[in-house]
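Input: a single structure, listed below in structure tokens.
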Amino acid sequence: MGDDRRSFSYYKAIPVIEKLPFKIESGDQVKNLPAIGKSLRDHINEIVTTGKLSKLEHFENDEKVRAVSLFGEVWGVGPATALKLYDKGHRTLDDLQKDDSLTYAQRTGLKFFDDIRQRIPRHEVSEMEKLLQEVGKDILPGVTIVCGGSYRRGKSSCGDMDIVITHDDGKRYTSKHVKPGFLPKFVQRLKDINFLREDLIFSINSIEGTDSGVDTYFGLCTYPGRELRHRIDLKVYPRNRYASGLLAWTGNDVLNRRLRILAESKGYVLDDTGLYLATQSSGGKRAGRSEAIVNCHEEKDVFDTLGFPYLEPHERNL
DNA sequence: GGGCAATACTG
DNA sequence: CAGTAT
DNA sequence: GCCC
């Protein structure tokens with residue numbers, strides 16, 4: 001448990017198996033497929049011959065596995081904390097509420113556990129995006145506010161909202177934070193109208209007159225007139241970092257990883273703040289990043305620079 | 001046997 | 001710093 | 001876990 005790398009391998013094998021045009025009747029049929037090695041092949045063989053996986057039976061009946069994975073679904077609770085809570089004797093979410101070691105964010109995640117798991121219909125996300133744009137332009141005319149994530153990838157429902165914000169001051173591709181005070185004002189205004197309800201993370205890093213730092217807000221919001229909480233993330237980027245920010249927050253994860261690996265192989269470092277030329281770090285294994293940002297005004301510039309065929313947002317559901 | 005994306009916040 | 005999040 |  002708590003083995004990210006390994007479970008991720010299972011995760012990667014799922015779509016590979018799902019895309020097979022036939023029903024697997026023997027381990028040999030998955031022999032040369034990517035993401036499926038000896039271990040997974042053995043498991044498949046066992047399922048095909050015995051109809052079940054003995055390893056899995058333990059899991060399903062195991063109280064510990066059940067409780068720990070449940071706890072891990074609470075926002076702010078990861079594998080380590082989930083295990084600690086279990087060791088303390090907790091078994092249900094009600095038990096957790098009595099525990100005073102939880103952080104404010106974890107407590108909030110717990111309180112709205114059921115709310116947060118509800119998916120949001122696309123048309124509602126669309127309305128809330130519009131609402132955010134209205135409020136935003138009222139504070140700062142010319143501000144750009146876009147809902148990224150699965151919404152931008154065209155999904156019919158979304159697990160949360162990823163809002164990416166920037167401002168073009170008319171000087172084209174400014175590298176400065178035009179209005180570093182935007183996010184606090186925006187958040188306050190959204191709380192005033194009862195849209196934002198609880199905070200999870202709120203950090204202001206932007207430095208006035210510079211391009212350093214990205215302002216971030218994670219919290220819970222409600223669709224107007226309703227109490228059901230939804231997860232929402234707000235990120236403010238200076239204009240010259242907006243493309244990489246939007247790209248990263250549109251995803252999906254698989255594409256992000258693929259692009260970042262590709263970037264590294266071509267001597268760059270890619271993250272949500274930009275595309276950099278990797279520096280030759282002296283002895284270290286990991287390449288550092290230079291200050292030189294490769295100019296990427298639009299998402300397509302990132303794809304082009306990396307030599308990766310451009311994908312429209314709806315084509316990024318890898 | 002080592003890498004698997006990269007980076008920011010909380011406590 | 002470890003843990004968690006995106 | 002998989003892949004080099």
Side-chain angles (χ1 to χ4, degrees), chain A residues 1-17 30-44 53 55 68 71-85 100-110 116 148-150 158-164 183 199-206 212-220 231-237 241 244-266 268-276 278 284-289 302 306 318:
Chain A
M1 297 187 65
D3 193 335
D4 272 19
R5 305 292 180 187
R6 195 176 312 174
S7 55
F8 189 55
S9 291
Y10 282 87
Y11 182 72
K12 276 188 296 193
I14 293 173
V16 174
I17 294 173
V30 296
K31 199 141 196 177
N32 291 312
L33 290 178
I36 299 180
K38 176 169 189 329
S39 184
L40 279 176
R41 192 167 66 238
D42 288 347
H43 289 165
I44 288 172
L53 189 58
K55 199 176 172 184
V68 172
F71 296 168
E73 288 179 47
V74 175
W75 199 94
V77 177
T81 309
L83 200 54
K84 270 181 207 158
L85 293 168
D100 55 8
S101 73
L102 299 195
T103 65
Y104 171 75
Q106 291 168 336
R107 202 164 289 291
T108 304
L110 183 58
I116 296 174
S150 55
C158 309
D160 65 1
M161 292 199 289
D162 299 309
I163 308 298
V164 187
L183 193 59
D199 303 337
L200 293 172
I201 286 179
F202 194 2
S203 75
I204 300 302
N205 286 310
S206 62
S212 57
V214 173
D215 291 344
T216 306
Y217 175 90
F218 293 170
L220 303 183
R231 278 277 297 105
I232 185 168
D233 298 338
L234 310 177
K235 281 260 186 180
V236 183
Y237 292 90
R241 295 169 186 272
S244 52
L246 184 59
L247 177 62
W249 287 79
T250 296
N252 65 7
D253 307 1
V254 177
L255 175 62
N256 284 347
R257 276 193 207 98
R258 211 178 278 184
L259 289 177
R260 289 170 190 196
I261 291 171
L262 179 61
E264 186 175 354
S265 76
K266 299 205 170 183
Y268 298 105
V269 176
L270 174 66
D271 64 27
D272 70 320
T273 69
L275 183 59
Y276 307 82
K285 40 206 158 188
R286 179 130 260 99
R289 61 157 54 173
V302 179
L306 296 178
L318 307 182

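Residue numbers start from 1 in every chain, and the chains themselves are labelled A, B, ... in the order their sequence lines are given, proteins ahead of strands.
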A:T103, nearest nucleotide to its side chain (from D:dC2, B:dA5, B:dG11): B:dG11
Tell me which donor-acceptor pairs under 3.5 Å the side chains of residues 5-12 of chain A have, and how far apart each pair is, sequence neighbours excluded?
residue : atom : partner : partner atom : Å
A:R6    : NE   : A:D3    : OD2          : 3.4
A:R6    : NH2  : A:D3    : OD2          : 3.2
A:S7    : OG   : A:D3    : O            : 3.1
A:S7    : OG   : A:D4    : O            : 3.1
A:S9    : OG   : A:R5    : O            : 3.4

query: Taking the side chain of A:S39 as heavy atoms from C-beta outward, which of B:dT10, B:dA6, D:dC2 is closest to it?
result: D:dC2
field: Spacing of the P atoms in D:dC2 and B:dA6 (rounded, Å)
entry: 23 Å
- prompt: With respect to the side chain of A:L40, which nucleotide from B:dA6, D:dC3, D:dC2 is positioned closest?
  reply: D:dC2
- request: Identify the 5'-most and 3'-most nucleotides of DNA chain C with at least one atom closer than 4.0 Å to a non-hydrogen atom of chain A.
  value: C:dG3 to C:dT6
- request: Between A:N256 and A:K235, just flag the one whose closest nucleotide in DNA chain B comes earlier from the 5' side.
  value: A:N256
- line: Nearest heavy-atom approach of A:A35 to A:A13 is O-CB, 3.8 Å
Distance in angstrom units between A:R5 CZ and D:dC3 C1', rounded: 13 Å
query: Does A:R260 put a side-chain nitrogen or oxygen below 4.0 Å from OP1 or OP2 of B:dA5?
result: no
Test salt bridge (Lys or Arg N to Asp or Glu O under 4.0 Å) applied to A:D199 - qualifying residues, sequence neighbours left out: A:K191
- prompt: In whole Å, what is the span from the CG atom of A:N32 to the P atom of D:dC3?
  reply: 10 Å
Residues which pass salt bridge (Lys or Arg N to Asp or Glu O under 4.0 Å) with A:D272, listed by chain and number, not counting sequence neighbours: A:K235
query: For A:K31, what residues pass the side chain to side chain donor-acceptor pair (under 3.5 Å) criterion, not counting sequence neighbours?
result: none
Interatomic distance where OH belongs to A:Y10 and P belongs to D:dC2 [whole Å]: 7 Å
message: My understanding is that only residues two or more places apart in sequence, or in another chain, count here; which of them pass side chain to side chain donor-acceptor pair (under 3.5 Å) with A:S39?
response: none
